[in-house]
Structures are given as C-alpha cells and as structure tokens.
Amino acid sequence: MKPFPLRIGTGTKLQKLLETYGNFPLYKEGQQTTDQVRLELLPEWDQEQFADLRATVPDDNKSFKVADWLIVTAGAERLKEVENFINVFAAGVPQIEIEAKIVEVTTTDTLDLGVRPIDTSTPIFGFPDHTFVQSLTYTLPNSAAAANSLLGLSAVQDGVTFNAILQMLQTYDNVSIISRPKIAVREGGAARIVNTVKLPSYSVNQVQANGQAAANLTYEEVGIKLYVVPRVVGTQTVALNIDIEASAQSGNAATFTLGNSQVISNPIISRRAAQTVVYLEPGQAVILGGLVSERTVDTENKVPILGSIPLLNYFFKSTLKRKEQANVLFFIRPRILTGSDMNREF
C-alpha cells in the first residue's frame with residue numbers, strides 16, 4: 001500500500017485516468033490478489049494547521065486544504081507500474097526557467113547658455129559716479145559651474161564698466177541600467193518579477209473656508225513589472241503569455257496650497273506597457289522594445305525689457321534646454337528544466 005498526495009481537485013481525474021488508460025486489473029470485490037490494483041480516493045484529506053507567528057496570542061484554529069490522497073494497494077511489481085503511470089501523468093509537469101534581461105537606456109542632452117557676474121561684489125554693469133543709475137547686476141539661475149565658463153569679459157566704454165562671464169555648456173549623458181533576474185515556474189503557473197519603489201501621493205478630500213485642506217496619503221508603485229505564464233507545446237516549444245509594464249516619475253504637479261503657503265505636489269507618473277503571446281524553440285529569446293518616453297524642458301530666465309532686445313538680449317538672459325529620452329528593452333528567454341537541473345548542487 002502506498003499513498004500518493006495530489007493537488008486539490010486532481011485526485012478524481014487521476015483515478016479516472018488509471019481506470020480508463022492504465023490497463024491494470026482493478027480490484028472489484030472479494031479477495032484481492034497481488035496482481036490486482038485497489039484504488040481509494042480521499043479528497044481534501046491532507047490539511048495543514050496555520051498560526052500567525054507574529055500574533056501575540058497564536059490562533060491554532062485556522063487550517064487550509066493541502067492535497068488529495070490516492071491510496072493504491074497492490075503487489076510490489078504492480079505497485080511500481082502504477083507509480084510510473086502516476087509519475088507520467090501527475091508528477092510530470094515540467095518546470096520552466098524564465099530568464100529576463102531588462103535594459104533601461106537613458107539619454108540626456110543639455111544645452112546651457114547664460115551670463116553671470118564675475119563675483120558677488122562686482123556688478124555686471126558699473127556706471128560713472130553722479131549718474132542716475134550707479135550699477136546694474138542680476139543673478140540668473142544657471143546649472144553651469146565656474147569651471148565650465150566659456151569666456152570672461154571686462155571692458156570700460158565711456159566710463160561704463162562691464163564685467164561678466166559668458167557661460168556655454170553642452171552635456172550628453174548616456175546611462176544604461178541592466179537587471180538580469182531569473183525565476184523558475186511550473187507549466188501554466190504565473191511568474192512575477194517586480195522591481196519598484198513607492199512614491200508618496202496626496203488626494204484632497206475637502207478644503208475648508210480658512211484654506212486648510214484635508215488630504216489622504218497614498219503610495220504609487222513606480223518601476224518595472226513583468227508577468228509571464230509559460231506553457232509547453234509538444235516536447236520542446238514553449239508558449240509565453242507576457243505582460244510587462246515600465247513606469248517612471250516624469251515630473252511633479254502642484255495639487256493644493258496649505259494655509260501656511262506650503263505647496264503639496266504629487267508625482268506625475270508615465271507608464272508604458274505591452275502584452276503578447278509568443279512561441280519559442282530551445283535557445284530562442286523574445287525581445288520587447290519600443291517603450292520609449294521622451295521629455296523636453298526649455299527654461300529661460302531674463303531681465304525684463306533688456307532680455308527682449310534683439311542681439312543684446314543674450315547678455316541679459318539665461319537659457320537651459322534639456323532633452324531626456326528613456327528606452328526600456330526586455331530580453332526574455334525560457335528554458336525547460338530537466339532532471340539534471342533539479343539535482344544540481346548550489
């Protein structure tokens with residue numbers, strides 16, 4: 001006699017397979033011989049007690065169903081034949097390894113133009129004494145450092161001094177982030193690979209008459225999510241049902257202002273997703289790309305009136321052009337695991 005634990009709901013199906021296709025002499029009634037096979041099904045027999053280990057007072061009354069049991073009684077030789085049959089139909093569900101290579105390429109192109117004083121104590125324009133305007137200086141935000149200055153100018157014309165540094169800086173950044181997770185899953189099961197962070201976000205419930213606002217704090221998941229359900233077609237072909245999503249914070253949006261002039265902003269999240277079903281032979285991989293997001297930011301700071309004069313306006317304004325492009329590529333390769341893979345040492 002030998003018990004065979006099976007997944008919940010499969011005991012009845014396997015018993016019917018044994019009776020229909022097993023070609024075994026089944027026991028009916030009376031005295032059983034060593035050549036006959038006796039089947040007895042105990043549905044949902046195996047149950048496991050569950051207790052919350054973090055609870056102050058453990059609750060031992062919870063239980064969940066684990067498996068059906070199929071009890072097989074037969075002679076030693078006949079029992080081996082039945083066991084081989086069960087291994088083919090019940091225990092022969094293949095395990096599939098999913099290897100995902102996630103490449104995120106971010107390209108940034110920045111052009112920074114501006115004018116700034118040589119130092120804080122020296123104005124850009126200095127006029128002679130006893131004039132209506134004694135000096136003119138301004139500070140325009142500029143991301144370029146002093147080491148990246150293009151040209152320093154100093155001149156005196158009719159008693160008017162000019163001291164400034166012209167800045168021109170162009171940067172090009174190309175960043176590649178690679179993640180290579182692996183996961184094993186049985187055929188028909190769902191493999192889930194998630195690499196995310198949670199960003200805080202506020203939702204306004206009501207705004208009172210005094211300007212105070214009541215808001216709830218929630219969190220938005222941002223990052224990469226990959227879901228794969230593999231199926232084996234034939235002996236070698238693997239069918240993959242793929243669902244991917246890539247999200248990132250693309251900016252901030254002002255939601256409301258509190259009574260103390262504090263601005264609460266929520267993240268602007270851009271999402272890119274793709275779904276597909278592909279059939280792959282051994283050694284083949286599927287590539288999912290084209291999940292591109294592009295953002296262009298133009299920032300200009302200038303002195304009123306003077307910053308609008310043709311040609312001369314370049315001495316009275318600062319411009320920043322920034323272009324960001326992010327491209328996410330997914331390389332997915334399945335592999336059917338064999339017995340040697342399961343028995344490999346760590």
Side-chain angles (χ1 to χ4, degrees), residues 1-50 63-100 182-193 227-242 277-285 332-346:
M1 180 186 293
K2 185 174 183 179
F4 291 91
L6 304 168
R7 295 192 303 272
I8 294 291
T10 60
T12 304
K13 298 177 182 178
L14 184 62
Q15 183 180 10
K16 188 175 181 180
L17 281 175
L18 282 167
E19 294 172 350
T20 306
Y21 301 103
N23 197 24
F24 302 120
L26 300 177
Y27 167 77
K28 299 297 182 180
E29 58 183 355
Q31 185 69 28
Q32 180 183 357
T33 64
T34 57
D35 191 54
Q36 292 179 328
V37 177
R38 182 174 181 176
L39 303 176
E40 183 180 2
L41 178 63
L42 303 178
E44 301 179 358
W45 187 85
D46 195 357
Q47 298 188 9
E48 187 73 29
Q49 295 298 116
F50 174 78
S63 62
F64 60 94
K65 302 170 184 177
V66 177
D68 298 339
W69 272 37
L70 181 63
I71 309 299
V72 180
T73 306
E77 296 299 327
R78 184 66 70 182
L79 186 60
K80 288 183 180 179
E81 296 178 6
V82 175
E83 185 174 5
N84 292 334
F85 184 93
I86 293 177
N87 287 336
V88 170
F89 286 91
V93 179
Q95 306 291 320
I96 301 172
E97 180 187 67
I98 304 296
E99 180 181 0
K182 288 184 180 181
I183 189 171
V185 62
R186 67 170 178 83
E187 183 199 14
R192 180 172 180 263
I193 299 175
Y227 306 91
V228 180
V229 177
R231 291 186 297 107
V232 177
V233 180
T235 58
Q236 295 293 330
T237 303
V238 178
L240 295 181
N241 187 353
I242 304 172
V277 178
V278 294
Y279 289 80
L280 302 176
E281 297 291 336
Q284 291 182 335
I332 302 174
R333 183 176 63 184
R335 185 169 66 92
I336 301 175
L337 299 177
T338 61
S340 60
D341 295 309
M342 297 300 182
N343 299 327
R344 185 179 301 173
E345 295 182 358
F346 278 124

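For reference, positions follow the sequence shown, starting with 1.
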Salt bridge (charged side-chain N to carboxylate O under 4.0 Å, His left out) with Asp35: which residues, sequence neighbours excluded?
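In terms of salt bridge (charged side-chain N to carboxylate O under 4.0 Å, His left out), with neighbours along the sequence ignored, Asp35 is linked to Arg78.
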Output all residues satisfying salt bridge (charged side-chain N to carboxylate O under 4.0 Å, His left out) with Glu97, sequence neighbours left out; order by chain, then residue number.
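Per chain and number, Glu97 pairs via salt bridge (charged side-chain N to carboxylate O under 4.0 Å, His left out) with Arg335.
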Check whether any side-chain heavy atom of Ile86 lies under 4.5 Å from a side-chain heavy atom of Leu14, and answer yes or no.
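Heavy-atom side-chain distance check passes, below 4.5 Å.
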Between Leu240 and Leu280, is any pair of side-chain heavy atoms under 4.5 Å apart?
yes
Lys16 backbone acceptor or donor facing Thr20 side chain under 3.5 Å:
yes
Donor-acceptor contact present, side-chain Asp68 to main-chain Leu6, <3.5 Å:
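Side chain of Asp68 to backbone of Leu6: no pair is present.
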Should we say atom CG of Asn23 is surrounded by more than 12 heavy atoms from elsewhere, each under 6.0 Å from it?
no
How are the rings of Trp45 and Trp69 set relative to one another: parallel (under 30°), tilted (30 to 60°) or perpendicular (over 60°)?
tilted
Do Thr73 and Gln32 meet the criterion of a side-chain donor-acceptor pair at a distance under 3.5 Å?
no
Mind checking what makes side chain to side chain donor-acceptor pair (under 3.5 Å) contact with Glu83, not counting sequence neighbours?
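Lys2.
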Roughly how far, to the nearest 0.5 Å, is CG of Leu39 from CZ of Phe24?
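Phe24 atom CZ to Leu39 atom CG measures 9.0 Å (nearest 0.5 Å).
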Ionic contact status for Glu187 with Arg231, cut-off 4.0 Å
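Between Glu187 and Arg231 there is no salt bridge, as every charged N stays at least 4.0 Å from the carboxylate O atoms.
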